[in-house]
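Working notes, beginning with the structure itself.
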Amino acid sequence: MKLKRLATATAACGLAVGAVVAATATQGSAAPTYKAASATSAAGCENTRVTFYPGSRLSPRYGEWNMDVLVCPTKSPSSWKTQSSIELNATANNLGMTVAEDSKLRTIETGVNKWNRYARYEATFHSQFCVPKVGWPCKSPNVWKARFTITADKKSHEVKVYRHKGSPPDSTFAIWHTP
């Protein structure tokens, strides 16, 4: 009887360990994120994410605005790949804010100096405010702009981000650096 209980307990432990191993393996085989994909496609490159939070001056944030740059410290900054996205939250939805034109990220300037490689970027997206739940009429589109610079040290390959002042549509809005 004791042997049967021991065998049952061992089998139960084996199933639990097997489930953990299977779950871990499944997580590892899930679709790769942008960073994982970039790391495998370009050795020595690093995905750098810069996040801004568009919102009101009174503090509520309307969502999260992400800019991703695949920085390769040994390559020309003009070859660094970029991508951006904007996701609005429930606060924006309740106010009737929608994305009129999706986020775009463009390179303003690239260069190389004695110490590093650098690129300056400008991100924009257009929003509009419509009567909540009805969806019209809408106020003309608002343009949100944010700028930042990314540098990659030539010797150490260290990547740094320098955020510049954002440009919200008007003085009642703000572009925050924190959630």
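Sequence positions, counted from 1, serve as the residue numbers for this chain. Computed over heavy atoms, backbone and side chain alike; hydrogens, waters and symmetry mates excluded.
The structure places NE2 of His126 at 11.5 Å from OG of Ser140, a figure rounded to the nearest 0.5 Å. Atom CZ in Arg61 sits 9.5 Å away from atom OG in Ser56 (nearest 0.5 Å). In this structure, OG on Ser76 lies 8.0 Å from CZ on Arg117, to the nearest 0.5 angstrom. Of the inter-residue distances, the one linking Ser85 atom OG with Lys104 atom NZ reads 15.0 Å to the nearest 0.5 angstrom. The CZ atom of Arg57 sits 9.5 Å away from the CG atom of Asp170 when rounded to the nearest 0.5 Å. Here the straight-line distance linking atom CD of Glu46 with atom CG of Leu70 works out to 9.0 Å at 0.5 Å rounding.
For Thr98 (side chain) and Ala100 (main-chain N/O), no donor-acceptor pair under 3.5 Å exists by modelled atom type.
Inter-residue side-chain proximity for Glu64 and Thr51 is flagged as met; some heavy-atom pair is nearer than 4.5 Å. A heavy-atom distance below 4.5 Å is not found between the side chains of Leu88 and Asn93. Counting heavy atoms from C-beta on, the side chains of Ser127 and Val99 never come closer than 4.5 Å. Counting heavy atoms from C-beta outward, Ile108 and Arg147 have side chains that approach closer than 4.5 Å. Under the 4.5 Å side-chain criterion, counting only non-hydrogen atoms from C-beta, His157 is in contact with Thr74. With a 4.5 Å cut-off on side-chain heavy atoms, Ile86 and Pro54 count as touching. Counting heavy atoms from C-beta on, the side chains of Val143 and Pro169 never come closer than 4.5 Å.
A donor atom on one side chain and an acceptor atom on the other are found under 3.5 Å apart for Thr149 and His164. A side-chain donor from one of Asp153 and Ser156 sits under 3.5 Å from a side-chain acceptor of the other. For the 3.5 Å distance criterion, the side chains of Thr151 and Asn116 fail to qualify, holding no donor opposite an acceptor. Between the side chains of Trp65 and Ser103, at least one donor N or O lies within less than 3.5 Å of an accepting N or O.
Under a 4.5 Å side-chain heavy-atom cut-off, the cluster of Ile, Leu, Val, Met, Phe, Trp and Tyr residues that includes Trp176 is completed by Tyr53. Side-chain heavy-atom separations under 4.5 angstrom define the hydrophobic clusters, and the remaining members of the one that includes Trp136 are Val131, Val134. Tyr162 belongs to no hydrophobic cluster with other residues, because no ILVMFWY side-chain heavy atom falls under 4.5 Å from its own, directly or through intermediates.
In terms of heavy atoms, Phe129 sits closest to Leu95 at CD2-O, 3.7 Å. What you find for Leu105 and Asp68 is that their closest heavy atoms are CD2-O, 4.2 Å. Nearest heavy atom pair, residue Gly63 against residue Asn89, reads N-ND2, 3.5 Å. Shown here for Pro168 and Ile175, the closest heavy-atom pair between the two residues is N-CD1, 3.9 Å.
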Exercise. Determine, step by step, whether Arg163 and Phe52 satisfy the side chain to side chain contact (heavy atoms under 4.5 Å, CB included) criterion, reporting the C-alpha distance in whole Å, the side-chain angles of both residues, the deciding distance to 0.1 Å, and the verdict.
Key: CA-CA 9 Å; Arg163 297 170 191 250; Phe52 290 100; 3.8 Å; yes
Quiz prompt | Stepwise side chain to side chain contact (heavy atoms under 4.5 Å, CB included) test for Val69 and Asn47 | solution = CA-CA 6 Å; Val69 179; Asn47 184 54; 5.8 Å; no
Exercise. Please report the C-alpha distance between Glu122 and Lys145 in whole Å, then the side-chain angles of each, then the deciding distance to 0.1 Å, and finally whether the side chain to side chain contact (heavy atoms under 4.5 Å, CB included) criterion is met.
Key: CA-CA 7 Å; Glu122 180 179 73; Lys145 291 182 183 181; 3.9 Å; yes
Practice problem: Kindly indicate, with the supporting measurements, whether the criterion side chain to side chain contact (heavy atoms under 4.5 Å, CB included) is fulfilled by Thr82 and Met67. | Solution: CA-CA 7 Å; Thr82 62; Met67 281 65 72; over 6 Å; no
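Taking the six-membered ring where the residue is Trp, Trp144 and Tyr62 present perpendicular rings, their angle passing 60° and hence far from 30°.
Within the structure, the ring pair (Phe, Tyr, Trp, His ring centres under 6.0 Å) test picks out the following pairs touching residues 67-121 (sequence neighbours left out): Tyr121-Phe148.
Judged as a side-chain hydrogen bond (donor to acceptor under 3.5 Å, both in side chains), and not counting sequence neighbours, Thr110 has no contacts. Under the rule for a salt bridge (charged side-chain N to carboxylate O under 4.0 Å, His left out), Glu87 has no partner lying at least two apart in sequence or in another chain.
Counting heavy-atom neighbours within 6.0 Å of Lys154 NZ, excluding the residue itself, gives a total above 12.
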